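For reference, the structure discussed in these notes is given below.
Residue numbers begin at 1 in each chain, while the letters A, B, ... track the order of the sequences. Here the structure is a predicted model, which is why all the values come from computation and not from measurement.
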Amino acid sequence: MDASAAVRIKGLTHRYPEQKRDEQALADVDLTVRPGIITGLAGPDGAGKTTLMRVMAGLLKATKGEIEVVGLDPVRQADALHLRVGYMPQKFGLYEDLTVMENLVLYADLRGVGAEERKAQFERLLDFTDLHRFTKRLAGKLSGGMKQKLGLACTLIGTPELLLLDEPGVGVDPISRRDLWRMVQSLAQGGMAVVWATAYLDEAELCDDLCLMNEGRVIFSGAPREQKERMQGRCIQVRDIAGNRRHFLRHALGSPSVVDGVIQGESVRLVLKEGLSEPDPGVLEGEPTARVVTVEPRLEDAFIDLVGGGPDGHSVLADTMPLVDLPSGVDPQAVIRAHELTRTFGDFTATDHVTFDVKKGEIFGLLGPNGAGKSTTFRMMCGLLTPTSGDAEVMGIDFKRSASEARQKLGYMAQKFSLYGNLSVERNLIFFSGIYGLKGRAQADKVAQMMDSFDLTRYRRTNAGELPLGFKQRLSLACALMHEPPLIFLDEPTSGVDPVTRREFWVHINALVDKGVTVMVTTHFMDEAEYCDRIALIYRGRMIAAGPPDQLKKAVASEDLPDPTFEDAFIGLIQRDDQAREVAEKDKAA
Amino acid sequence: MWNRIVALIAKELQQLFSTRRNIMLLLTPLVLQLAIFPFATTLELRNATLSILNEDSGAASVELVQRMAAASAFTEVLSLYSEEDLERVIDRQDALLAIRIPPDFSRKVLAGEPVSLQAVIDGRRSNSAQIAYSYIQQITNDFAEERTGQVAPAKLIVRNLYNPNLDYRWFVLPSLVAIIATVGCLLVTSLSLAREREEGTFDQLLVTPLTPAYIMLGKAVPGILVAMAQGGIISLAAVWLYGVPFTGTVWLLMLATFAYALALSGVGLLLSAISNSQQQAFLGVFCFMVPSVVLSGYLAPVENMPTVLRWISAINPLTHFIEMAKGIFLKSYGLAETQTSLLALFGIAVVTLLVAHWVFWKQTKS
């Protein structure tokens, strides 16, 4: 083992008192964190990342195993440890009623940094985080990205040797995430040891060293490169699909030669079984024009492969759902309509004259940085917020006119698990079917059917709050679909969910779309945006771009970047808007 | 729509009884108060100390002192010898009440002249001191009556009509019916919306076809049911366990409890609507409960309050309910005697529910 390592962990096991005998938060974890690089700690929610972080920060004593952090025992020498280790938890304890500067002073006091020393440190940290302009602003009034930067600055006070960052990228838009990453990278280059925990595998891919976790176990440890190399040649993109790409994906996932597949705009990306470099001929049957291109593997491909592949593409749920039949008088070109939608909060305009139509059977995505107005727009479309001016209509019904009737038409699934955690699975289903007006026989049948299609029957008496994450996700979707709505609204439906569950979720959504259901979704995952038929990019309250994902990507393509990813498109379009705004302001000033 | 509301009410009740913590939250105050309250809040006077400064040495004064000392309320009698002592015992709370008998007491009594005694009472313990004072007054009156040998031409005779033995439990338990029902109903209604908000299920509820009014109805009914159940348990315990007479009719008590719970659920829902977390709602319940009990007439008679407080007391639902509960238990109140209070409660209910609905509706429209 490396003598200079900042963290050395061997055989670490932890079980929380409330866990069952066969469950473990951490199971026999080995980890070495070396200074000078960023060590990624990656895995879906519930994989054990936070538990491991807390053990390293000396806040939790593991049940079993050896651990040494910066040469100290994190439990017995906790006081010495806290001075040498910086820990930034998921929700960093910023005091929202204090200003940026007051927060820094407070943390300097807590770490016992002297007056002279702190002056120099503040200067350096404010430079570093580019927060000089905001020292007098209340921390609560900062954007998600800036809060995270301030949290980082507070953590860095006292110049720790080891920096533990627990999902610093959550709730931060891609631009701020890139900033944050660059900052942490420069710290690592300066010799600091950094652990960056993340549920985003694209983020983990950038780390120098990686510890990939799933269900408390380390499933891979080493350089991310190794995993990608292992997948080399097995990742293909099928372009120029003449038919429906969703049907194509479903068909492809059914083939034993395909491990995993996702939609990428007009194309479909597939991961093939080990040893194959092209799919079974059956996959491309009926698609004479389709071209197969080998693409660069991603860490996510390796993850899915390590956990045994994604779902097979068939949705039992969709089989039970009826075909959507629009009532007469509803325009199939505009089952969801936003017209000049505007919402102000005081003198702040959150949504500024946004107009769009969503066609029947379309997946429409709302995308944008945090605080840009995406959520406000979304909430107005499902009737949770009243527009200041303009109209929000679903199935030809204006929310202003008949909110109750309009709401009966939509299914809603929130970002956070939002069912009744202390009620059983069955009770939740009965409740949601009940308030949507199902009763008697029909209700009992529907509940049984949902439990059946989502494989929830064995959990029927389990409290919803105690379900494994993937099943919570299924239950949420089941509750949203009890009344067979023609529209579904999904608010960041898969944040924090592991990639396999996310794929399974999209299998259901794709199948529902085939039944004529219309989907409106907000998402943080750039990959997920690619499932959409059309995307509206919301920035500073306005819709700055709208169109199919491929079209948005093409809009930012250049000689330097001939094949941009969706994240590139997102950042490019926003920067373009910022530039246009600056030019306009200069013109005005002139 | 009815099925949907039934679904909502069923869910609320299931949630309420889903955890042991919730059940304890509703049962503990019930059992605890039932066991402790009737004994702890004694309104009867016992074990008090009386001090007497007797400056007279005549036979009349000695007899009076003996009579006072014999009263069961005073277990200890201190004899004082100076004016300073008199102030000191009250100051140190050694005695609740001090009596000063003037030097010419016996002479004037013999001569048949009017004579005054001085009583110094501890104003810090006004309630019990007042009761002690009235005991002494009664003893002195009896004494004077016997001495003068004739009945005063017009004399006020106080007889405790509805509670002839002055058994304070008769007074406490019907009020307890009201107070326990208050806690239950307020907790259930006020925590409900706040909990949904805290757990993120509120939006999920708001996107359903239920309108704010229906959601409120679904939240109010469980609160009313809980209040009525708790009130019922206390009433049964009062009659069977403590032997409090029940002279009224059961249906009227139920109607009164319903009216009260309805008024209270409006308050609870309002607290819930303006709270962002269960913690805030809980504080809100506390802020409402304490003045509500103090101004209800349970601890001190409403008639003794300043005018403004009497007005507040009149719009306090607890005042009306305690009044009716006591009446139905002890004074065989019928509809005629309770209709003013009932109407007041329904009036308060209309106002609180409308305000709660308005606030809630405004929030969902924001």
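A side-chain donor-acceptor contact under 3.5 Å links B/Q204 to the backbone of A/Y412.
A/M482 contributes atom CE, which lies 14.0 Å from atom OG1 of B/T208 (distance to the nearest 0.5 angstrom). Here OH of A/Y420 is found 6.0 Å from CD of B/Q15. Values are rounded to the nearest 0.5 Å. In this structure, CG on A/N422 lies 9.0 Å from CZ on B/R21, to the nearest 0.5 angstrom. Distance check: A/L384 CG to B/D203 CG gives 4.5 Å after rounding to the nearest 0.5 Å. Distance CG/B/L210 to CZ/A/R407: 8.5 Å, rounded to 0.5 Å.
Environment of CZ in B/F346: crowded, with over 12 heavy atoms of neighbouring residues, nucleotides or ligands closer than 6.0 Å. Atom NZ of A/K439 has 12 or fewer heavy atoms from other residues, nucleotides or ligands within 6.0 Å. Summarising the local packing, CD of B/Q279 is surrounded by 12 or fewer heavy atoms from other residues, nucleotides or ligands at distances under 6.0 Å.
When all heavy atoms of B/A7 and A/F431 are compared, the closest pair comes out as O-CD1, 3.6 Å. For A/S418 against B/G200, the heavy-atom pair with the smallest separation is CB-O, 3.0 Å.
When each of A/L423, A/L438, A/T388, A/N428 is checked for heavy-atom pairs under 4.5 Å with chain B, A/L423 comes out on top. The candidate with the highest count of non-hydrogen atom pairs below 4.5 Å against chain A, out of B/R195, B/E196, B/E199, B/R4, is B/R4.
Heavy-atom distances place the side chain of B/L205, and not its backbone, under 4.5 Å from chain A. Both the backbone and the side chain of A/I435 come within contact range of chain B, judged by heavy atoms closer than 4.5 Å. Only the side chain of A/F432 has a heavy atom closer than 4.5 Å to any heavy atom of chain B.
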